[in-house]
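In what follows, every heavy atom counts, from backbone to side chain, and hydrogens, waters and symmetry copies are set aside. Quick caveat: nothing in here was measured; it's all calculated off a predicted structure.
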Amino acid sequence: MLRELSVQNLALIEDARVELQPGFCAWTGETGAGKSLLLGGLGLLLGERGSADLVRAGAEELRVTGLFEIARPELRAAVEQILGESLSDDNLILARKWSRAGRSVAYVNDRPVAVATLRSLGDVLVDIHGQRESHSLLQPAYQLQLLDAFGNLQEPRARYLHQVEKVRELRRRRAELAEKRQQRQRELALLQFEREELDQANLQPGEAAELNRERERLIHAQALQTFMAEGTNRLYDEEGSVVERLGKLAREAQHWSGLDPKLADLTRRLEQLLPELQDLAETFRDLGEHFEADPARQDEVEHRLQLIRRLEKKYGRTADELIAYRATLEEQEARLRRQEHDLAGIEQELAAAYAELREFALELSKQRSKVAKKLAAETQTHLADLGMPDARLEAALEVVPLGDDPAGGEIPSFGIDQLELMLTANRGEPARPLRKVASGGELSRTMLALKSVLAAHDPAGTLIFDEIDANVGGRLGDVLGEKLAALGKTHQVICVTHLPQVASYARHQWTIRKQTRGKRTTTNIALLSAEAERVEELASMLRGAARSDTTRQEAAAMLATSRLTILLLVRLRQILFERTHLVGDE
């Protein structure tokens, strides 16, 4: 509910602040005193358009601030969803500033927000009726929400909404997989080509290094043969070879070994070297035969190395890294094929979910059709009470079936029904959509009738009625007052009224007046807290400046009668409630 409204520098309003109360609140005052300005300030606070022309002359900025109490859990949840964060307590402060330069800024709990956020919050916090505002009750989605609440259709509605989210998520996943299908096919083709190319290459660990060594050997085969032959000759074959000279040296050492034991040891060591040198010579001879030139093998090695270098350059990996990369290709290919399989599976799942969605939509539509007739009938009873005996209200439901393509077509967020409230205000007139009704008074009274029926199901905490008593006489004013007082039991109701009969049913009453100070005119609003103040205001509404003691007595009687009526209505409601529960228990 709206706890406090503060308006500064809005046209005639210099500084007006009002602390509001629960229940039915009446704003009264002379025509032109500024009642509509206060509501206009509230409209700005709730995201309506404004302009720099609204800034009071001589001021640089207009400001509107509202303190809302968010006590109802469902309302708090809606507010937190809009804000995208949790509230620390039950208080919500909205603020709007408009500079003479035309700059508008908005705040929620002192944090800057977009004006659209204020508008979204206004849709759930306050419902304004009158003067052609954009009423939430005129919005088709809101009408369907209230229709479902009125008919206790929360369960089939929840089933439908849950299925909508499921189908949309499946559509999203399918679209994502389908969008990447061509890329996936290209990747698969590339993986298959790479796998076949690398398999054909049949790279082996360490192969490139070994081939490079073999290539060098083949290139230098002739030089190596020459070196090995010379080595064999120098060690063994030629005259004066190392073996020959070592043998001669060993024989001479043998000749002298008898003279000294150390010479004998030296002789043995020399003799032990001879077999090793002879073996080295044989090794030189064998390797000389091994390093034979082989042009065919050299050409084969060169081609193999060229292939490896080409693959390394193409893939940006070494040969050994290519072997490891080849081992990953099967997993990559399997992953892509699983995605193809997933797409086929999601299409099947989507088809099944979509079929279930259609069933839920048809069931919800069927139940809504029954509830809509009951809503129209109950509202029509209230319209008769409100001075519209010839009015006819019809809740016209048009079914727009879902398409046949599970993957395409719009999915309505609230069901396949399009609800249009059609009103025939007077006998002989054609029925017109409620949102196109021209008369503000007729629209407001129709809204009041609907609100009276839907009171227990309307999530908005504050209801505002302006011009609801247009072209209404005193007798009907009592009926309006009774219904507004009844609404005040479940909502905060703020009604701008010129009828004392309506105002007398208010739980709280404020008067709005213009005052002149010096050369400036200002608008002020004041709570009538004392009994005498309310009586005086009601008498003024009855007779104006011509009011007398008789008028005041009449006003006092009117106030007493309305209070008695409210008490009787409350008691009657209690009796009906008790009887209903007794029947239920039996």
Side-chain angles (χ1 to χ4, degrees), residues 72-75 77-78 81 123-124 127 135-175 345-382 392-423 431 433-435 449-460 580 583-584:
R72 293 161 61 181
E74 66 275 15
L75 188 57
Q81 183 177 6
D123 287 341
V124 300
D127 213 354
H135 312 310
S136 59
L137 194 50
L138 298 182
Q139 307 306 315
Y142 189 72
Q143 292 177 356
L144 283 174
Q145 179 182 346
L146 289 180
L147 179 66
D148 294 343
F150 173 75
N152 292 319
L153 304 182
Q154 290 89 345
E155 185 176 340
R157 177 187 176 93
R159 275 201 307 269
Y160 174 81
L161 293 178
H162 175 75
Q163 198 67 13
V164 166
E165 292 304 314
K166 180 177 180 180
V167 169
R168 286 176 175 168
E169 174 60 18
L170 287 171
R171 281 186 173 186
R172 185 195 65 76
R173 289 167 53 194
R174 179 195 174 278
I346 283 179
E347 287 179 339
Q348 294 179 357
E349 189 177 354
L350 175 59
Y354 193 70
E356 196 170 12
L357 175 67
R358 296 176 72 171
E359 292 179 9
F360 292 161
L362 289 172
E363 178 60 28
L364 179 59
S365 177
K366 181 180 177 181
Q367 295 189 45
R368 280 174 172 169
S369 181
K370 298 176 183 178
V371 173
K373 295 177 181 178
K374 181 180 178 183
L375 172 64
E378 292 191 17
T379 303
Q380 200 157 302
T381 302
H382 286 278
R392 295 291 180 270
L393 184 73
E394 178 186 356
L397 281 171
E398 179 184 356
V399 177
V400 182
L402 294 171
D404 295 327
D405 182 10
E410 182 182 357
I411 302 177
S413 298
F414 303 102
I416 58 176
D417 304 292
Q418 291 184 350
L419 176 61
E420 189 72 79
L421 296 176
M422 306 290 292
L423 178 68
L434 191 58
R435 53 191 168 85
L450 280 165
K451 291 291 185 181
S452 298
V453 174
L454 299 169
H457 311 291
D458 190 350
T580 301
V583 171

Return yes when atom CD of Gln81 has more than 12 non-hydrogen atoms of other residues, nucleotides or ligands closer than 6.0 Å, and no otherwise.
no
Show me the side-chain donor-acceptor pairs of residues 399-418 shorter than 3.5 Å, one per line, residues at least two apart or across chains.
residue, atom, partner, partner atom, Å
Asp405, OD1, Ala407, N, 3.0
Asp405, OD2, Gly408, N, 3.4
Ser413, OG, Arg168, NH2, 3.1
Asp417, OD1, Ser365, OG, 2.5
Asp417, OD2, Arg368, NH1, 3.0

Interatomic spacing from CZ in Arg172 to CD1 in Ile346 - rounded to 0.5 Å:
9.0 Å
Taken in chain and number order and not counting sequence neighbours, the residues that satisfy side-chain contact (heavy atoms from CB on, under 4.5 Å) with Ala77 are none
Side-chain (Gln163) to main-chain (Ala353) donor-acceptor, under 3.5 angstrom:
yes
What residues, two or more places apart in sequence or in another chain, satisfy side-chain contact (heavy atoms from CB on, under 4.5 Å) together with Ala78?
Val124
Test of understanding: with side-chain contact (heavy atoms from CB on, under 4.5 Å), list the residues that count as partners of Glu155, not counting sequence neighbours.
Arg159
In Å and rounded to the nearest 0.5 Å, what is the CG to CD distance from Leu419 to Gln145?
12.5 Å
side-chain contact (heavy atoms from CB on, under 4.5 Å) between Thr381 and Val453, intermediate numbers included
CA-CA 10 Å; Thr381 302; Val453 174; over 6 Å; no
Gln367: which residues meet the side chain to side chain donor-acceptor pair (under 3.5 Å) condition with it, sequence neighbours left out?
Glu363
Quick one: list whatever passes side-chain contact (heavy atoms from CB on, under 4.5 Å) with Lys374, sequence neighbours left out.
Phe150, Glu378
Restricting to salt bridge (charged side-chain N to carboxylate O under 4.0 Å, His left out), what partner residues turn up for Glu349, sequence neighbours left out?
none
Could you tell me which residues satisfy side chain to side chain donor-acceptor pair (under 3.5 Å) with Glu165, sequence neighbours excluded, listed by chain and number?
none
Suppose we screen for salt bridge (charged side-chain N to carboxylate O under 4.0 Å, His left out). Which residues come up paired with Glu359, at least two apart in sequence or across chains?
none
Leu393 and Leu450: CA distance, side-chain angles, deciding distance, side-chain contact (heavy atoms from CB on, under 4.5 Å) verdict:
CA-CA 10 Å; Leu393 184 73; Leu450 280 165; 4.0 Å; yes
Counterpart residues, side chain to side chain donor-acceptor pair (under 3.5 Å), relative to Arg171 (two or more places apart):
none
Provide the closest heavy-atom pair for Pro433 versus Glu420 in the form atom of the first, atom of the second, distance.
CB-OE2, 3.6 Å
Which residues pass the side chain to side chain donor-acceptor pair (under 3.5 Å) test with Glu394, not counting sequence neighbours?
none
What is the distance from atom CG of Leu153 to atom CG of Leu144, rounded to the nearest 0.5 Å?
10.5 Å
